[in-house]
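Please read the structure below before turning to the comments.
Residue numbers begin at 1 in each chain, while the letters A, B, ... track the order of the sequences.
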Amino acid sequence: MDQAGEFRESLRMVRDSAAAVVPHGDLRRIRALRFTDPGFDRATWKQICNFGWPSLALPESEGGSGLGMRGFVVLAEELGAGLVPEPLISAAMAARVLSGAPLSDLLAGTSLVIPAWQERPNSLDPAADTTLRNDRLTGRKLFVPMAGGADFFLVSAREGLALVPRDAAGVMLSLDRTQDGGTFGTITFDHAPATPLPGHLDRALEEAALATAAYLLGLSRRAFAITLAYLATRVQFGQPIARFQVLRHRAADLKIQWELMRASVQSAAVTLDLESDLPVCRAAVSRAKARAADASLFITRQAIQLHGGIGYTDEADIGLFLRKAMVHANLYGSASLHRTRYAALALEEYDA
Amino acid sequence: MDQAGEFRESLRMVRDSAAAVVPHGDLRRIRALRFTDPGFDRATWKQICNFGWPSLALPESEGGSGLGMRGFVVLAEELGAGLVPEPLISAAMAARVLSGAPLSDLLAGTSLVIPAWQERPNSLDPAADTTLRNDRLTGRKLFVPMAGGADFFLVSAREGLALVPRDAAGVMLSLDRTQDGGTFGTITFDHAPATPLPGHLDRALEEAALATAAYLLGLSRRAFAITLAYLATRVQFGQPIARFQVLRHRAADLKIQWELMRASVQSAAVTLDLESDLPVCRAAVSRAKARAADASLFITRQAIQLHGGIGYTDEADIGLFLRKAMVHANLYGSASLHRTRYAALALEEYDA
Amino acid sequence: MPDISPEALASLEESAFRSCIREFLVANYPPALRNPPKRLHFRDTKPWYLALSRAGWLAPGWPREWGGMGLSAARQLVMIEEFERHGCARFNDMGITMIGPLLIRFGTDAQKRFFLPKILSGEHIWCQGYSEPNAGSDLASLRTEAVLDGDHWVLNGQKTWTTLATDANWIFLLVRTDRNAKQQQGISFLLVPMDLPGITVRPIINLDLHDEFCETFFDTVRVPRENLVGEINRGWSMAKALLGFERLLLGSPKQASYALARLRLLAERMGLADDPSFQDRYTRLRLDLADHKALYEDFAEQVRRGESLGADVSMLKVNQSELYQRITETMLEIAGENAGLLEPMGGNRELHPSGLFIQSRPTSIYGGTNEIQRNIIAKNVLELPG
Amino acid sequence: MPDISPEALASLEESAFRSCIREFLVANYPPALRNPPKRLHFRDTKPWYLALSRAGWLAPGWPREWGGMGLSAARQLVMIEEFERHGCARFNDMGITMIGPLLIRFGTDAQKRFFLPKILSGEHIWCQGYSEPNAGSDLASLRTEAVLDGDHWVLNGQKTWTTLATDANWIFLLVRTDRNAKQQQGISFLLVPMDLPGITVRPIINLDLHDEFCETFFDTVRVPRENLVGEINRGWSMAKALLGFERLLLGSPKQASYALARLRLLAERMGLADDPSFQDRYTRLRLDLADHKALYEDFAEQVRRGESLGADVSMLKVNQSELYQRITETMLEIAGENAGLLEPMGGNRELHPSGLFIQSRPTSIYGGTNEIQRNIIAKNVLELPG
């Protein structure tokens with residue numbers, strides 16, 4: 001097997017291994033965790049850490065699996081297909097920043113480190129106002145997913161990054177429930193004691209945005225598969241509705257959008273793995289995230305429509321996919337933010 | 001019959017009378033006139049003038065038929081359905097400005113007066129640079145439809161309007177052919193002798209834009225009818241293609257767009273007839289023209305697609321409708337110009 | 001209470017009629033119930049129901065002899081417009097809009113005398129049992145069956161989407177009474193008290209996490225023979241005959257109009273009000289709404305002229321629901337992370353993109369999916385062979 | 001002429017191979033023929049055809065023993081990419097791409113020896129006769145018939161969309177040879193010289209006012225018996241077997257890419273380059289193109305790995321043609337009155353919105369309409385029952 005073949009084989013293994021937390025077809029665990037606190041399962045989280053998934057993309061020299069973003073997007077896609085709520089993408093951001101630090105227990109699942117970086121809605125700016133002075137952190141962070149389950153927050157400030165224990169004095173956390181059954185935390189730091197860290201979030205944010213696109217890719221894949229199966233079994237007017245040409249063509253359109261999303265996400269992962277120029281990486285990520293946000297909402301909306309009335313019940317699993325897409329489509333930048341960023345970054349490559 | 005009923009009856013009569021120059025279904029005359037000079041037929045034009053159509057919208061007190069824009073859009077719709085190339089909309093603009101003037105021969109078809117007002121592409125500004133000093137006109141006018149057939153140009157200048165004979169010294173006309181078989185004139189006036197006229201084009205331009213929308217409404221109606229007939233007769237896979245659900249639904253979508261266009265055009269005509277506030281009128285016209293431009297191109301494009309290969313031949317009549325829409329969609333302001341103008345003019349009426 | 005009797009109200013000129021309704025709403029409608037984010041239960045709307053009842057305003061379309069206002073379709077439309085404009089909640093109106101008119105047209109005198117007053121008094125609250133799990137778009141394939149056994153119909157089967165069934169004490173059903181007849185032909189119309197043994201109601205939690213819909217199960221339920229309306233096996237055509245100008249309401253610009261106003265608020269909150277590319281999208285939606293209103297007005301004008309509506313009214317339903325959805329999709333796109341919030345932003349009910357997005361989903365499904373509506377347009381309006 | 005033999009060329013690494021082709025094109029391709037606005041006739045492309053022939057570069061896919069370059073599909077793809085990048089006109093290539101490969105695979109030795117050299121020399125120019133007026137999307141219903149009469153086939157019928165038939169001296173046909181067989185089964189593959197008595201060619205003027213398409217009529221044309229290729233009644237499966245990686249080309253981003261560059265020029269000319277709402281639309285189109293290219297690359301990669309393409313390649317065709325059309329529709333919308341001009345704006349071939357708009361129309365029709373492609377995707381890719 002050549003090198004490319006071997007790499008494809010590793011990716012296949014990542015995909016297979018994801019089955020451990022995504023038992024085929026069973027969404028009962030996911031359903032049961034909705035609207036609970038902290039919205040995910042500690043035991044499953046521990047398992048995810050045992051697999052080393054938060055550092056899957058990191059080079060082996062930094063304690064990772066060396067599979068790069070090509071590996072991580074495969075994993076995120078599979079977790080998306082299973083609607084897995086455990087905060088892998090947040091933890092992988094933390095792993096990227098903490099890599100090399102003597103913080104192995106943080107990565108091993110004993111402690112969960114969740115980045116708290118956002119200060120404005122629909123923004124990718126990690127440190128607008130928060131300050132870190134004399135190891136004290138002051139500021140306000142928004143939309144922190146699954147914040148209720150964190151042991152530490154990895155916080156971005158103007159002066160740099162810092163680690164703050166969840167229970168430290170001066171940390172106030174309030175939670176808003178989200179449509180998918182999880183939460184967004186709003187965290188206020190008022191001179192909270194913080195341990196400064198080296199590094200920055202630039203690369204980690206790009207990886208999180210791309211992984212989110214991959215997560216959307218996965219949930220769209222599964223929503224589409226469920227919908228195709230429904231079309232084939234639901235009988236109206238004496239035949240499976242899959243025989244109606246209008247629904248067949250709509251399914252074809254969903255398939256095309258899904259394939260575009262897949263191609264876009266995968267090519268962005270290649271770019272992140274092979275390209276060191278940050279603007280080029282950002283353009284690729286923006287392209288993938290913009291496509292994933294739009295296509296996943298398109299697919300899940302149409303999945304509801306194609307299910308008819310049953311799609312509007314909470315009992316039907318298909319709705320879980322729409323709700324998940326509603327939350328994730330705008331995480332790490334909306335489609336429109338990413339389109340604008342792409343236009344600003346990407347060279348015109350059309351010399352035809 | 002009540003007053004509203006009587007008015008509806010007059011409109012029906014206008015519609016019927018249009019049949020005089022639009023013999024049912026016969027496009028041979030239209031085809032034969034394409035790419036000729038001046039691109040329309042003088043005898044038909046004379047007939048149109050004999051009917052008094054250029055002044056149909058004008059009050060009876062000004063020598064018109066008193067049918068207002070509600071009457072004129074019905075007429076323009078019918079001429080659009082017949083792809084009639086004679087320059088009625090231009091002439092009606094002139095009639096509006098010249099009404100009351102001792103120029104009856106101009107309206108009677110002996111002489112054809114065509115407005116030349118535009119100096120920039122996609123603009124509704126009638127006098128950016130042209131000057132009129134000491135009865136001499138200097139400037140350059142663009143996109144003058146059927147200019148080759150004019151006897152006089154009604155020209156807008158910064159100082160006001162003026163009438164210039166086609167053959168006057170200092171008038172240079174060059175023609176570009178258009179996709180529908182007509183021409184756009186570019187006219188350069190170099191100290192051309194001109195007769196100043198009172199009035200301005202404000203209202204006439206709105207009427208021309210709306211009449212163009214109505215013309216697009218008519219051509220779309222006929223293109224759609226031809227397409228429906230084709231779907232019912234064309235057999236593939238052993239059945240008329242009208243039985244394929246995808247094509248049926250597409251036809252339904254075209255119908256909806258056509259009805260929106262109709263409702264928009266007709267309500268704008270009511271506004272122009274009953275409302276004296278110019279911004280309100282302009283908003284209504286912009287709404288109708290924006291819809292008509294988009295919907296007519298949508299319908300004629302889909303008409304080609306639904307015809308399949310045969311739709312891509314010049315022999316098939318359906319192509320004549322697409323080509324006509326391509327030219328008229330952007331006359332008197334593109335959809336995008338009108339949307340922008342609407343946004344600037346129309347009050348937010350959503351207090352819900 | 002209004003100073004004006006229903007009779008006097010009906011005789012007013014349109015503008016006076018309109019003002020009179022507006023005044024009534026301002027004086028009587030509970031402010032807390034304006035523009036509710038979700039469908040309300042009877043426990044919430046009961047005071048308003050009874051207020052309308054006391055005023056004699058509860059049944060605008062019923063003839064006066066049966067306690068209605070006897071309004072023309074045109075006047076009913078005006079009344080609905082004013083109620084919508086005021087943001088009045090929809091109450092449990094199946095008795096008023098569906099079963100009342102059906103009984104008035106097809107019921108026996110005994111049925112009319114028994115049921116109609118109890119609807120007006122609020123004693124009977126009705127729900128509708130048409131759809132079944134396997135009879136949605138293809139309603140005519142329904143299988144809930146009633147078999148005559150002496151003086152009773154023995155009823156077995158299951159209905160779904162029985163809206164607010166938990167509020168109701170009566171249900172009207174389409175049931176199969178001849179399983180050998182073809183499709184629509186063996187169907188009858190049956191009135192059933194909900195407290196009979198063998199009836200189970202199970203609320204369905206919907207995508208909006210609300211319980212307005214229910215499943216209703218019938219297990220060997222014995223229904224008095226006289227509870228059948230009209231002729232046996234003619235239920236389908238009676239139910240269809242009831243479809244009148246109400247079909248217009250499915251295409252009312254109300255939802256889209258409401259949503260567009262909220263889109264604008266949201267854009268302001270998100271700092272996008274002056275963003276040119278948002279403006280462009282917003283203007284397109286405004287124009288779509290304005291043109292939809294113009295088309296709606298053409299149909300409303302038909303109703304005002306007393307003409308009946310054709311199949312082409314389906315166009316309104318398709319266009320309105322898809323416009324409403326485009327607007328809420330735009331909300332979701334511009335809301336940033338707020339699009340994921342379960343509750344309104346900062347507790348402001350006007351700023352709830354995810355809620356409105358979800359609520360707009362079923363509008364292209366209920367009342368006949370948009371796919372079915374397009375089938376109807378192709379067949380009955382365009383008359384395409386098929 | 002290149003300094004390198006086809007054999008040596010084929011053995012180069014990809015990047016060297018690519019540069020070699022680029023150099024050849026720069027040195028040999030007539031600059032006036034770059035990116036022609038319309039399909040060229042043989043009178044215009046003949047010198048280029050012969051130049052390729054002399055270099056031995058005319059038939060990249062044919063085996064070397066028959067005068068081809070013997071390139072792998074992957075290398076052919078690179079060659080096509082470079083030709084497209086340079087803006088090379090498509091010439092009368094039916095002999096090279098269709099009939100040559102067919103004869104090489106299914107022809108007799110005599111047929112190969114007779115026809116293949118004449119294709120390479122430019123002596124025989126071929127056109128394709130598949131479609132008929134009533135057999136378009138439903139090609140299998142074709143009715144042009146060949147009946148054996150002694151040593152000749154007697155041919156009657158009509159073909160349409162015979163591209164550049166006026167340039168050709170030979171035509172290959174699918175004809176019905178068994179009118180009792182079902183659909184595809186009674187069809188054979190026939191080679192016919194265009195100068196036989198009874199053949200009439202009539203150019204069809206298309207929507208672009210160009211004469212590239214023709215109708216070709218056959219009135220009792222007597223064709224030698226040995227001009228049949230392969231087995232009788234097996235023409236359909238032979239024609240299908242020929243569909244290889246060329247299907248990829250129908251989804252090549254080339255047209256959309258070309259159009260997008262011209263959209264940008266047009267926007268600059270119209271003063272819209274910095275208009276935010278144009279920018280927004282333009283960026284969406286750019287992203288659509290970039291994602292299409294990524295998807296195309298995945299399929300191209302399959303070809304490079306030597307895998308054959310599945311039915312899912314239809315997705316590329318649908319997506320490319322509709323993207324191309326969206327781009328040209330945007331051109332039409334922003335061009336103002338220029339959108340109506342028959343000729344390029346100010347004589348600049350790069351600024352011809354109406355021309356490109358019209359040329360983009362048939363891409364969703366030819367090569368199987370997009371409706372047919374979606375049928376294929378639903379059936380063969382999604383495997384929906386039906």
Contact leader toward chain A among His292(D), Gln279(D), Glu371(D), where contacts are heavy-atom pairs under 4.5 Å: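 Option with the top pair count is Glu371(D).
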
Option that, when pairs with chain A are counted at under 4.5 Å, heavy atom only, ranks first among Leu316(D), Leu295(D), Val318(D), Ile376(D):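 Ranked by heavy-atom pairs under 4.5 Å with chain A, first place is Leu295(D).
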
Per-residue contact mode, Phe224(A) against chain D (heavy atom under 4.5 angstrom):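 Phe224(A) touches chain D through side-chain heavy atoms alone.
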
Part of Ser267(A) lying under 4.5 Å from any heavy atom of chain D: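 Side chain of Ser267(A) only, per the 4.5 Å heavy-atom cut-off to chain D.
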
Testing the basics here: between [X] and [Y], what is the closest heavy-atom pair and its distance to 0.1 Å?
| X | Y | result |
| --- | --- | --- |
| Ala251(A) | Leu384(D) | CB-CD1, 4.1 Å |
| Arg248(A) | Gly386(D) | NH1-CA, 3.8 Å |
| Ala263(A) | Asp298(D) | CB-OD2, 3.6 Å |
| Leu260(A) | Asp291(D) | CD2-O, 3.7 Å |
| Leu382(D) | Ala252(A) | CD1-N, 3.8 Å |

How far does [atom1] of [X] sit from [atom2] of [Y], to the nearest 0.5 angstrom?
| X | Y | atom1 | atom2 | result |
| --- | --- | --- | --- | --- |
| Leu287(D) | Ser264(A) | CG | OG | 8.0 Å |
| Glu383(D) | Leu228(A) | CD | CG | 10.5 Å |
| Gln373(D) | Ile256(A) | CD | CD1 | 9.5 Å |
| Asp253(A) | Asn370(D) | CG | CG | 9.5 Å |
| Asn319(D) | Glu259(A) | CG | CD | 11.0 Å |
| Leu289(D) | Arg287(A) | CG | CZ | 9.5 Å |

Residue Asp280(D) versus chain A: region with a heavy atom under 4.5 Å: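 Contact with chain A is through the side chain of Asp280(D) alone.
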
Choice from Lys255(A), Arg291(A), Arg243(A) maximising heavy atom contacts with chain D below 4.5 Å: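 Ranked by contacts with chain D, first place is Arg291(A).
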
Which of Gln266(A), His249(A), Gln245(A), Gln239(A) touches chain D most, by non-hydrogen pairs under 4.5 Å: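 Winner by heavy-atom pair count: His249(A).
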
